[in-house]
Novice: 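Got a structure for you, questions after.
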Amino acid sequence: MTIGSMFGDVFKSLFKKPVTEKYPFAESVTPEHFRGKLEWDPEKCTGCQLCVKDCPSNAIEIITIDKVNKKFVMRYHMDRCTFCSQCVLNCRFNCINMSEDEWELASAKKEPFEVFYGREEDVTELMARAARPETGEGCAEEKAQ
Ligand code: SF4
Ligand code: SF4
């Protein structure tokens, strides 16, 4: 590239709009079918564990609260998830989805990456069980979502 052509490019760019986006000050639109944070519907879940078996990242646990009454809690390890969507495709009951809106997931702390999904009373029951020394799973401090 000669100096002359370089000045030409610089001059032309003075009259062009910048191509960069002003993120995070201006929101960009996420594309359709974007793979963001998992969403889970406990009302449809049968506890079949297919999503757990098929997840290549070991990012999901389905914890049984009451098998007879189909009460389950999903423990989602977001920091392990590769957002491959395998669990969404394989769940035969359409319980799992990937959010198109929730994708700003960065955090300097570990806690936000462990998420509990489920009915409020089921998550509360799980936390209570975890708090008991004989059944503790070490998750008493986690928050339900
Ligand atoms: S595959 Fe679907 S129905 Fe089966 S445990 Fe996972 S979320 Fe529940
Ligand atoms: S999107 Fe992929 S990595 Fe994430 S929980 Fe589902 S199967 Fe596992």
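Note: hydrogens, waters and symmetry copies are ignored here, and every other heavy atom, side chains too, is used. Each ligand, and each atom within it, is numbered from 1 in the order the structure gives.
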Novice: Starting from atom 6 (Fe) of ligand 2, locate the nearest protein heavy atom and write down its residue, its atom name and how far away it is, to 0.1 Å.
Specialist: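 The protein heavy atom lying closest is C87 SG, 2.3 Å.
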
Novice: Can you tell me which residue and heavy atom of the protein come closest to atom 8 (Fe) of ligand 1, and the distance to 0.1 Å?
Specialist: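 The closest heavy atom on the protein side is C45 SG, 2.4 Å.
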
Novice: Looking only at atom types and distance, does a side-chain atom of R75 sit under 3.5 Å from a main-chain N or O of E114, one as donor and one as acceptor?
Specialist: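 Judged by distance alone, no pair lies under 3.5 Å.
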
Novice: Pair R119, E43 - check salt bridge (Lys or Arg N to Asp or Glu O under 4.0 Å), show working.
Specialist: CA-CA 8 Å; R119 299 179 195 92; E43 304 300 335; 3.1 Å; yes

Novice: Using a strict 4.0 Å cut-off to heavy atoms of F93, name the atoms of ligand 1 that fall inside it.
Specialist: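 Matching atoms, with element in brackets: 3 (S).
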
Novice: Looking only at heavy atoms of W40, does any of them come nearer than 4.0 Å to an atom of ligand 1?
Specialist: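 Contact check W40 vs ligand 1: positive.
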
Novice: Closest heavy-atom contact between I60 and V52?
Specialist: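 Smallest interatomic distance, heavy atoms only, reads O-CG1, 3.6 Å.
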
Novice: Would you mind running through ligand 2 and noting each atom that sits below 4.0 Å from a heavy atom of C81?
Specialist: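 Those qualifying, in numeric order: 1 (S), 3 (S), 4 (Fe), 5 (S).
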
Novice: Can you tell me which residue and heavy atom of the protein come closest to atom 2 (Fe) of ligand 2, and the distance to 0.1 Å?
Specialist: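 Nearest protein contact, heavy atoms only, for atom 2 (Fe) of ligand 2 is C84 SG, 2.3 Å.
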
Novice: Just which atoms of ligand 2 are under 4.0 Å from any heavy atom in S57?
Specialist: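 Those of ligand 2 that fall under 4.0 Å from S57 are 3 (S).
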
Novice: For E39 and Y76, does a side-chain donor sit closer than 3.5 Å to a side-chain acceptor?
Specialist: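 No, because no side-chain N or O of E39 sits under 3.5 Å from a partner of the opposite role on Y76.
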
Novice: From the options I62, N90, L89, select the one residue that forms a side-chain contact (heavy atoms from CB on, under 4.5 Å) with C51.
Specialist: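 Answer after filtering I62, N90, L89: I62.
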
Novice: Provide the closest heavy-atom pair for L38 versus M74 in the form atom of the first, atom of the second, distance.
Specialist: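 Looking at all heavy atoms of both residues, the shortest contact is CD1-SD, 4.4 Å.
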
Novice: Going by heavy atoms, is M98 under 4.0 Å from ligand 2?
Specialist: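 Yes.
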
Novice: Quick check on contacts: which atoms of ligand 2 are under 4.0 angstrom from a heavy atom of C55?
Specialist: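 Those of ligand 2 that fall under 4.0 Å from C55 are 3 (S), 5 (S), 7 (S), 8 (Fe).
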
Novice: Checking only N/O/S atoms, does C48 have one that is under 2.8 Å from atom 4 (Fe) of ligand 1?
Specialist: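 For C48, the answer is yes, given that an N, O or S atom comes within less than 2.8 Å of atom 4 (Fe) of ligand 1.
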
Novice: Over all heavy atoms of both residues, which pair between I65 and E125 is shortest? Give the atoms and the distance, please.
Specialist: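 Heavy atoms of I65 and E125 come nearest at CG2-CG, 3.7 Å.
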
Novice: Which of the numbered atoms in ligand 2 are below 4.0 angstrom from a heavy atom of S85?
Specialist: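 What qualifies from ligand 2 is 1 (S), 2 (Fe).
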
Novice: Should you measure from each heavy atom of I60, which atoms of ligand 2 turn up under 4.0 Å away?
Specialist: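 In order of number, 5 (S).
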
Novice: Among all protein heavy atoms in this structure, tell me which lies nearest to atom 5 (S) of ligand 1, with the distance rounded to 0.1 Å.
Specialist: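 Result for atom 5 (S) of ligand 1: Q49 N, 3.2 Å.
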
Novice: Which pair of non-hydrogen atoms, one from E21 and one from S28, has the smallest distance, and what is that distance?
Specialist: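 E21 and S28 have their closest heavy atoms at OE1-CB, 3.4 Å.
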
Novice: Parallel, tilted or perpendicular: which one describes the rings of Y117 and W40, with boundaries at 30° and 60°?
Specialist: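 Y117 and W40: tilted rings.
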
Novice: Would C51 count as a contact for atom 8 (Fe) of ligand 1, in the sense that one of its N, O or S atoms lies under 2.8 Å from it?
Specialist: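 So C51 does not bind atom 8 (Fe) of ligand 1 by this criterion.
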
